[in-house]
Amino acid sequence: MALSVSATVLLAIIVVVLFKGGYVRVGSALVCTLFGFTLAATGLAPAINTGLAALAGLVSSF
């Protein structure tokens with residue numbers, strides 16, 4: 001649970017920085033958000049969560 005909350009906060013910060021910097025517009029941010037929601041509803045979601053957990057384990061080992 002803590003990993004998903006941390007990843008969500010980190011990704012939200014990145015999106016805000018990109019949006020404020022002018023790299024992402026409102027339309028493309030909305031499309032990316034909708035893509036994330038639909039991707040989470042597919043069978044690929046467990047593999048993505050496993051990959052994120054492995055990446056977090058790798059980063060925490062440093």
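Computation of the quantities below employed the complete heavy-atom set of this structure, encompassing side-chain atoms and omitting hydrogens, waters and symmetry-equivalent molecules.
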task: Output all residues satisfying side chain to side chain contact (heavy atoms under 4.5 Å, CB included) with S28, sequence neighbours left out; order by chain, then residue number.
output: V24, R25
message: Test question: given the 4.5 Å side-chain rule for I, L, V, M, F, W and Y, name all other residues clustered with V31, or answer none.
response: none
- request: Tell me, please, which residues at least two apart from I48 pass side chain to side chain contact (heavy atoms under 4.5 Å, CB included).
  value: L39, L44, L52
Apart from L30 itself, residues in the same hydrophobic cluster as defined by side-chain heavy atoms under 4.5 Å: L34
- prompt: T42 and P46: which non-hydrogen atoms are nearest, and at how many Å?
  reply: O-CD, 4.3 Å
- line: All heavy atoms of A40 vs all of A45, minimum pair found to be O-CB, 3.4 Å
query: Atom OG1 in T50, atom CG in L55: separation rounded to 0.5 Å?
result: 12.5 Å
message: According to a hydrophobic-cluster definition based on side-chain heavy atoms being under 4.5 Å apart (Ile, Leu, Val, Met, Phe, Trp, Tyr only), do L11 and F37 belong together?
response: no
- prompt: Between F35 and T38, what is the shortest heavy-atom contact and its length?
  reply: O-OG1, 2.9 Å
field: Side-chain hydrophobic cluster, 4.5 Å single linkage: members besides F19
entry: V26
